[in-house]
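In what follows, chains carry the letters A, B, and so on, assigned in the order in which the sequence lines appear, proteins first and then strands, with residues in each chain numbered from 1. These figures come from a predicted structure and were not determined experimentally.
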Protein chains: 2
Amino acid sequence: MTELDDLDRKILTELQRHADTPLDALGQVVGLSRNACWRRIKAMEAAGVIRARVALLDAAKVGLPLTVFMQIRAAAHDADWLAKFARATRAMPQIQGVYRMTGDLDYLICARVADMADYDRLYQTLIARVPMGDVSASFVMEEIKHSTELPLFEG
Amino acid sequence: MTELDDLDRKILTELQRHADTPLDALGQVVGLSRNACWRRIKAMEAAGVIRARVALLDAAKVGLPLTVFMQIRAAAHDADWLAKFARATRAMPQIQGVYRMTGDLDYLICARVADMADYDRLYQTLIARVPMGDVSASFVMEEIKHSTELPLFEG
DNA sequence: TGTGAAACTGACATCGC
DNA sequence: GCGATGTCAGTTTCACA
């Protein structure tokens with residue numbers, strides 16, 4: 001895949017909001033024919049620009065109203081620890097994101113839980129599977145913004 | 001909408017991964033007819049359990065390889081400040097998430113940027129629009145896990 | 001189960017570089 | 001010519017009643 005042009009970006013902007021937009025409507029918005037849109041989409045899927053089409057759920061309505069961020073300090077500063085940590089967190093479905101931060105010793109985890117007891121279960125499970133240097137948790141009181149949409153045009 | 005049963009959860013589990021699964025295939029996985037699946041999906045969309053169907057993009061491939069978390073302390077502890085802060089951050093498309101954390105003075109922002117210069121632009125824009133008490137940024141070195149999928153069955 | 005509306009597939013003419 | 005597009009079949013698959 002070459003670089004994305006403005007038409008590609010228009011298509012992506014729409015698909016990021018509504019993945020189920022019919023090609024006809026998409027073509028109208030973008031200013032291209034059905035077919036041209038379709039070809040571009042396929043190319044971007046093949047290139048991995050479009051990773052997946054997914055359904056987003058309301059976390060509260062499926063029983064996971066609480067979001068928690070955990071700040072973690074590694075117990076050991078080596079590749080083995082990281083591998084074990086990565087494997088453990090990837091296997092835990094309540095964990096939405098795991099990020100190694102600048103500093104090389106700090107990790108950030110974002111997870112969704114039902115309540116405090118559920119969080120404690122998550123915490124206990126995690127420290128049982130991987131030795132932790134230090135763990136602190138902050139809970140989300142209010143989700144002011146939450147989006148999966150990436151900006152594709154210069155501000 | 002009443003409570004979700006196991007069949008609903010099975011449907012959602014699949015749709016969270018592949019929103020474009022045909023109803024036939026979905027029915028087979030779940031053990032239901034096309035039609036029954038379709039009715040349940042419509043009901044869950046109407047109830048807001050399914051918020052949207054979206055395309056997920058590869059952030060690096062659209063020119064936003066850098067993820068940053070900003071920790072922010074409010075300049076003022078009042079509703080006006082929060083309203084202004086919320087409005088400003090919601091209007092900035094590079095910002096993916098904004099969370100008011102426990103403590104009532106701390107906010108967490110997650111944003112995607114092209115590079116450090118881009119981050120600085122974001123930072124400058126933000127502090128120009130809203131008075132900030134304190135801002136610190138941590139950059140993501142490695143995305144160990146990132147998922148929009150919520151767990152729907154007990155671990 | 002059936003019907004209409006989509007998504008797909010390929011062929012071919014066209015326009016700009 | 002080459003690359004991208006538009007149009008116009010055709011077929012298949014799906015959403016929906």
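- Remark: B/E143 engages B/R112 in a salt bridge, criterion side-chain N to carboxylate O under 4.0 Å.
- Counting to the nearest Å, the C1' atom of D/dA15 and the CG atom of A/D20 are 12 Å from each other.
- Atom CG of B/L23 is separated from atom P of C/dA6 by 16 Å (rounded to the nearest Å).
- Taking 4.0 angstrom as the limit, A/W38 places a side-chain polar atom (N or O) nearer than this to OP1 or OP2 of C/dC8.
- Between B/F139 and B/Y119, the ring planes are perpendicular. Angles over 60° get that label, and only those under 30° would be called parallel.
- Summarising the geometry, the separation between CE on A/M44 and P on D/dA4 is reported as 13 Å, rounded to the nearest angstrom.
- A perpendicular orientation is assigned to the rings of A/F69 and B/F69, their planes being inclined by more than 60° (bins at 30° and 60°).
- Look at CG on A/L32: it is 15 Å from C1' on C/dT14, rounded to the nearest Å.
- B/N35 comes within 4.0 angstrom of a nucleotide base, judged by non-hydrogen atoms across all strands.
- With C1' as the reference atom, C/dA13 and D/dT11 are 22 Å apart, rounded to whole Å.
- Taking every side-chain heavy atom of B/R34 into account, C/dT1 is the closest of C/dA6, D/dC14, C/dT1.
- Base contact: A/R39 has a heavy atom under 4.0 Å from a base atom.
- For the pair A/D8 CG and D/dG3 C1', the interatomic distance rounds to 14 Å; values are reported in whole Å.
- Counting to the nearest Å, the P atom of D/dC14 and the CD1 atom of B/I41 are 13 Å from each other.
- Shown here is A/K84, whose NZ atom has no more than 12 heavy atoms of other residues, nucleotides or ligands within 6.0 Å.
- Following rounding to the nearest Å, B/R40 (CZ) and D/dC16 (P) show an atom-to-atom distance of 18 Å.
- Remark: P of D/dG6 and CG of A/L7 are 9 Å apart, rounded to the nearest angstrom.
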